[in-house]
Chemist: 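Here it is, the structure, as structure tokens.
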Amino acid sequence: MSKQKSKLSSKDRPIGIFDSGIGGLTIANAIQKVLPNESLVYFGDTAHLPYGDKSPDSIKYYAIRISQFLLKQNCKMIVIACNTASAQAYETVKDFVGGAVPVINVIDPVVDYIIADKKHKKIGVIGTKGTIKSDIYAKKINARSKNLKVSCLATPLLAPMIEEGFFKNNISRAVLASYLSSRKLSGIDTLIPACTHYPLISSEMVEFYKGKVEIVDTAAVVANYVKHVLKTEKLLAGKKKSLHHFYVSDFTRSFEESTRFFFANRIHLEKMDFWN
Ligand code: DGL
């Protein structure tokens with residue numbers, strides 16, 4: 001990827017964001033709150049959802065093709081708004097992009113937050129099978145602080161449940177409670193919801209722990225990091241009216257509903273098929 005293209009364009013280029021489905025919308029929404037002038041191009045890879053069960057090679061392939069698409073949309077930054085893809089494909093995407101634009105994953109900003117705030121001692125991590133199998137949170141946290149205890153639990157039913165629209169109801173409460181009651185998570189003082197779908201069930205988490213465990217607001221942590229990088233790179237948008245575009249690899253009712261839930265009616269949703 002040549003650096004020429006990024007030099008030709010301005011700070012008013014959009015931020016590219018992707019996930020397997022609606023999860024990354026929690027990140028897009030948080031970015032919109034801290035950076036209201038920014039335009040967004042969002043890609044939900046609904047044809048390949050869930051990412052949590054796919055092989056690392058498949059995730060790398062999807063991530064590269066989507067990044068290629070986002071660069072073609074003239075994005076000034078790529079945010080991998082998915083923990084599974086961040087765990088398995090971040091280095092691959094960075095190599096592919098070759099420094100043309102900054103690439104942000106959703107794991108490093110959260111690890112920075114945990115390390116910076118000294119009050120965390122025993123941290124629970126919940127995420128997809130892919131994220132938990134990679135053990136990336138424990139590796140990254142313990143590489144910087146050996147004293148922190150990190151316990152990880154795969155919670156594979158959660159992302160498909162949320163994608164199907166089951167949140168803030170009795171089913172989401174029951175499924176989540178059954179996972180959070182696992183012995184692996186007993187005694188934690190902090191929970192990292194390590195899947196971008198999970199902020200949609202944060203009220204169920206708060207209800208379960210009744211204030212005894214800090215639930216990291218991962219979307220806000222990532223959004224603030226995006227702001228920091230754009231500022232450092234002198235890429236913050238000017239006071240132009242922001243314009244968002246939403247693409248999916250397959251139309252799903254839940255994606256459309258969730259997009260409208262976060263972005264009201266200001267959406268333009270298109271199906272994009274570039275796999276063959
Ligand atoms: N939202 C994603 C994550 O953060 C992926 C969920 C899935 O598709 O399995 O891992």
Side-chain angles (χ1 to χ4, degrees), residues 16-31 42-63 65-67 78-93 103-111 113 124-140 152-167 172 175-176 179 191-202 205 215-223 225-226 246-250 252 254-255 258-259 261-262:
I17 304 175
F18 75 90
D19 178 45
S20 59
I22 64 173
L25 291 173
T26 60
I27 304 285
N29 185 44
I31 291 175
Y42 186 92
F43 191 91
D45 191 9
T46 41
H48 299 120
L49 167 98
Y51 274 8
D53 293 342
K54 303 287 184 302
S55 70
D57 280 348
S58 299
I59 301 294
K60 284 177 190 153
Y61 175 73
Y62 304 147
R65 296 303 298 271
I66 297 166
S67 300
I78 293 178
V79 180
I80 307 177
C82 168
N83 280 264
T84 314
S86 292
Q88 297 175 341
Y90 171 57
E91 297 299 335
T92 310
V93 171
V103 178
I104 307 295
N105 69 66
V106 289
I107 296 170
D108 289 326
V110 173
V111 171
Y113 169 80
V125 180
I126 54 171
T128 66
K129 282 188 204 162
T131 300
I132 299 305
K133 207 169 157 205
S134 75
D135 206 24
I136 194 155
Y137 278 90
K139 283 181 190 154
K140 283 185 183 262
C152 305
L153 179 75
T155 48
L157 286 182
L158 296 182
M161 173 187 85
I162 294 164
E163 194 73 34
E164 282 299 319
F166 288 92
F167 45 89
S172 58
V175 176
L176 183 70
Y179 278 134
L191 180 74
I192 301 178
C195 170
T196 53
H197 281 72
Y198 299 175
L200 287 159
I201 49 169
S202 59
M205 293 180 201
I215 296 145
V216 180
D217 186 348
T218 49
V221 169
V222 172
Y225 184 71
V226 165
F246 297 88
Y247 297 91
V248 283
S249 46
D250 201 3
T252 63
S254 63
F255 189 92
S258 302
T259 316
F261 171 72
F262 283 123

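Note: hydrogens, waters and symmetry copies are ignored here, and every other heavy atom, side chains too, is used. From a predicted model like this one, the values you see are computed outputs, not experimental measurements. For ligands, and for the atoms within them, numbers begin at 1 and follow the listed sequence.
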Chemist: Is there a donor-acceptor pair closer than 3.5 Å between any side-chain N or O of S254 and the backbone N or O of E164?
Modeler: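 Absent.
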Chemist: For T128, counting its heavy atoms only, list the atoms of ligand 1 lying under 4.0 Å from any of them.
Modeler: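 Reading through ligand 1 atom by atom, the close ones are 6 (C), 9 (O), 10 (O).
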Chemist: Which atom names give the shortest non-hydrogen contact between G130 and T84, and what distance separates them?
Modeler: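 What the structure gives for the nearest pair is CA-CG2, 4.3 Å.
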Chemist: Taking the side chain as every heavy atom from C-beta outward, state whether P50 and E163 have any pair of such atoms under 4.5 Å apart.
Modeler: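 Side-chain contact under 4.5 Å: no.
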Chemist: Give me the nearest non-hydrogen protein atom to atom 3 (C) of ligand 1 as residue plus atom name, then the distance to 0.1 Å.
Modeler: N83 N, 3.3 Å
Chemist: Among V106, D19, T84, which one has a heavy atom closest to atom 10 (O) of ligand 1?
Modeler: T84
Chemist: Can you confirm whether Y225 is buried at OH, in the sense that more than 12 heavy atoms of other residues, nucleotides or ligands lie under 6.0 Å from that atom?
Modeler: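 12 or below, so no.
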Chemist: Does even one non-hydrogen atom of G21 get within less than 4.0 Å of ligand 1?
Modeler: no
Chemist: Just which atoms of ligand 1 are under 4.0 Å from any heavy atom in S20?
Modeler: 5 (C), 6 (C), 7 (C), 8 (O)
Chemist: Parallel, tilted or perpendicular: which describes the rings of F167 and F261, with under 30° parallel and over 60° perpendicular?
Modeler: tilted
Chemist: Show which atoms of ligand 1 fall inside a sub-4.0 Å distance from at least one heavy-atom site of A159.
Modeler: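 With A159 as reference, the close atoms of ligand 1 come out as 6 (C).
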Chemist: Name the one of V106, I104, D19, V103 that satisfies side chain to side chain contact (heavy atoms under 4.5 Å, CB included) with I80?
Modeler: V103
Chemist: Quick one: look at C195 and ligand 1, take heavy-atom pairs under 4.0 Å, and tell me if it's side chain, backbone, both or neither.
Modeler: both
Chemist: Below 30° counts as parallel, above 60° as perpendicular, anything between as tilted: where do the rings of Y42 and F255 land?
Modeler: tilted
Chemist: Does any N/O atom on T131 come nearer than 3.5 Å to any N/O atom on ligand 1?
Modeler: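 Min N/O separation from ligand 1 is not below 3.5 Å for T131.
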Chemist: Within the structure, does G52 bring an N/O atom to less than 3.5 angstrom of an N/O atom in ligand 1?
Modeler: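 Such a contact does occur with ligand 1.
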Chemist: Give me the nearest non-hydrogen protein atom to atom 7 (C) of ligand 1 as residue plus atom name, then the distance to 0.1 Å.
Modeler: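 Scanning the protein heavy atoms, the shortest distance from atom 7 (C) of ligand 1 goes to Y51 N, 3.3 Å.
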